[in-house]
Amino acid sequence: MGEESAITGVEMKEEGLTNNNNNNNNNNNNNNNVNTSAPPHPPPLPAPPPPAHFVLIHGISGGAWCWYKMRSLMENSGYKVTCLDLKGAGVDQTDPNSILSFHDYNTPLIHFLSSLNHDHQVILVGHSAGGLSVSEAMNKFGKKKIKLAVFIAATMLKSGFITDQDIKHGVPDLSEYGELNEVYDIGFGLGEDNPPTSMMIKKELQRKIIYQLSPQEDSTLAAMLLRPGPIQALTTAQFGEGEDVDDVPRIYIKTTNDNVIKPEQQEAMIKNWPPSDVYVLESDHSPFFSAPFSLFGLLVKAAVSFGC
């Protein structure tokens with residue numbers, strides 16, 4: 001009996017081991033059947049749209065340097081910014097007395113826009129006489145290159161200086177400050193028997209006329225960098241009307257304390273060629289100096305409003 005019990009006990013232990021091994025094998029088989037593959041990756045998110053591209057155009061005697069505050073604000077906010085020197089302005093060393101046609105003067109802007117990819121559109125911003133540059137570009141390129149045009153205290157004429165009314169509305173009248181030769185330094189590149197070829201407001205009058213609300217350091221900087229502008233090229237600016245010039249949305253930013261393009265002149269140009277919208281800014285003729293944060297806010301508002 002003792003021997004049989006021992007044998008039976010061994011057999012039961014062996015049977016138990018066999019069952020445990022079978023259970024372990026079954027568990028292993030079950031584990032092998034579990035799907036351990038990684039979940040599928042979600043589809044990639046679409047690329048964000050490129051930032052709006054602002055192209056900033058200075059007025060007569062100015063240069064790309066005028067926009068240094070605006071460029072800093074815009075680039076720090078993620079926008080793309082291009083500031084151009086027109087011919088004879090800023091670092092371009094062309095003698096302004098040799099620039100006799102507006103097309104020649106505006107060549108840097110036209111070349112720049114022509115160089116852009118066919119599907120690249122910009123927000124084109126012109127200050128003062130830079131409005132003429134914007135208008136010519138609108139007539140030449142339309143919406144193919146320009147998504148939005150912004151005129152800041154600018155000459156806004158659809159086809160340039162065609163009528164006496166255009167001259168009255170678009171050319172500064174500074175006669176209250178003295179005779180022409182008392183207000184301007186004048187160049188006669190074609191001889192004194194011919195019309196002036198270049199002009200610049202005299203240094204002692206610049207702050208009073210152009211920068212009366214601007215920080216002193218900015219008007220000091222301007223006095224160091226302003227150059228005579230090609231007045232003959234500007235006052236004879238004319239350009240044929242493009243087919244889709246009116247398809248380009250326009251914003252006009254009025255400057256309420258402007259001694260150069262006076263508020264009544266701005267109003268007259270707005271009435272003659274109504275823009276899509278009009279913004280009002282309490283500043284002198286140079287809001288990029290006197291009201292940079294407010295101007296920046298209006299430019300961003302314009303861009304957002306037109307889906308740029």
Just how far is it from atom [atom1] of [X] to atom [atom2] of [Y], taken to the nearest 0.5 Å?
X: I253; Y: T255; atom1: CD1; atom2: OG1; value: 9.5 Å
X: Y252; Y: F151; atom1: OH; atom2: CZ; value: 9.0 Å
X: L124; Y: I146; atom1: CG; atom2: CD1; value: 5.0 Å

Give a yes or no answer on whether the side chain of [X] reaches the backbone of [Y] with a donor-acceptor pair at less than 3.5 Å.
X: T197; Y: G187; result: yes
X: Q238; Y: G160; result: no
X: E182; Y: E179; result: yes
X: H58; Y: L86; result: yes
X: K262; Y: D173; result: yes
X: S135; Y: L157; result: yes
X: S72; Y: Y68; result: no
X: Y211; Y: S290; result: no
X: K140; Y: I110; result: no
X: Q121; Y: K144; result: no

Side chains of [X] and [Y], heavy atoms from C-beta outward: is any pair under 4.5 Å?
X: P287; Y: I152; value: yes
X: D258; Y: D284; value: no
X: V183; Y: I209; value: yes
X: P263; Y: K254; value: no
X: L84; Y: L56; value: no
X: S98; Y: T94; value: yes
X: V55; Y: V125; value: no
X: K208; Y: Y177; value: yes

Check: F288 ring centre within less than 6.0 Å of H127 ring centre: yes
Non-neighbouring partners of [X] that pass side-chain hydrogen bond (donor to acceptor under 3.5 Å, both in side chains), sequence neighbours left out:
X: Q232; value: none
X: S133; value: N106
X: S115; value: none
X: D166; value: T163

Within 6.0 Å of CD in E192, more than 12 heavy atoms from elsewhere: no
Other residues, nucleotides, ligands: >12 heavy atoms within 6.0 Å of E282 CD: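 No - once you tally the heavy atoms of other residues, nucleotides and ligands closer than 6.0 Å, there are 12 at most.
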Transitive ILVMFWY side-chain link [X] to [Y], under 4.5 Å:
X: F188; Y: L234; result: yes
X: I210; Y: I186; result: yes
X: M269; Y: I167; result: yes
X: L132; Y: I162; result: no
X: W67; Y: F293; result: yes

Fellow cluster residues of L190, listed by chain then number, with links counted only when side-chain atoms sit under 4.5 Å apart: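 Hydrophobic cluster check, L190: joined to L100.
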Worked verdict on R227 versus S61 for side-chain contact (heavy atoms from CB on, under 4.5 Å): CA-CA 5 Å; R227 294 176 57 192; S61 294; 5.7 Å; no
Trace of the side chain to side chain donor-acceptor pair (under 3.5 Å) decision for Q206 with S219: CA-CA 8 Å; Q206 289 169 4; S219 61; over 6 Å; no
Could you work out, with side chain to side chain contact (heavy atoms under 4.5 Å, CB included) as the rule, every residue matching [X], not counting sequence neighbours?
X: N117; value: D119, H120
X: A268; value: H169
X: K202; value: D185, E204
X: T235; value: I231

Going by atom type alone, with no hydrogens or angles, which donor-acceptor pairs under 3.5 Å involve a side-chain atom of residues 294-308 and a protein atom two or more places apart or on another chain?
residue	atom	partner	partner atom	Å
S305	OG	K301	O	2.7

Stepwise side-chain contact (heavy atoms from CB on, under 4.5 Å) check, V171 with F161: CA-CA 9 Å; V171 175; F161 293 110; 3.6 Å; yes
Basic-acidic side-chain contact under 4.0 Å: D218, K69: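 So D218 pairs with K69 through a salt bridge.
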Salt bridge flag under 4.0 Å for residues K158 and E136: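 Not counted as a salt bridge, because no side-chain N and carboxylate O are separated by less than 4.0 Å.
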Flag for H285-S128: side-chain donor and acceptor within less than 3.5 Å: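 Note: S128 and H285 side chains meet the donor-acceptor criterion.
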What are the two closest non-hydrogen atoms of [X] and [Y], and how far apart are they?
X: L113; Y: A137; result: CD1-CB, 3.7 Å
X: T155; Y: A129; result: OG1-CA, 4.4 Å
X: G170; Y: I261; result: O-CD1, 3.9 Å
X: G229; Y: P96; result: C-CB, 4.3 Å
X: V81; Y: R71; result: O-NH2, 3.9 Å
X: F239; Y: N139; result: CD1-ND2, 3.6 Å

Cation over ring face, R250 and W273, 6.0 Å, 45°: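 Geometry flag: set, cation within 6.0 Å and 45°.
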Pair listing, salt bridge (Lys or Arg N to Asp or Glu O under 4.0 Å) test, anchored in residues 76-101, at least two apart: K87-D104
Working for side-chain contact (heavy atoms from CB on, under 4.5 Å), residues D246 and M138: CA-CA 8 Å; D246 283 318; M138 289 172 60; over 6 Å; no
With sequence neighbours excluded, residues passing ring-ring contact (aromatic ring centres under 6.0 Å, His included) with Y184: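 ring-ring contact (aromatic ring centres under 6.0 Å, His included) list for Y184, sorted by chain: empty.
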Trace of the side chain to side chain donor-acceptor pair (under 3.5 Å) decision for H53 with T82: CA-CA 8 Å; H53 183 182; T82 300; 2.8 Å; yes
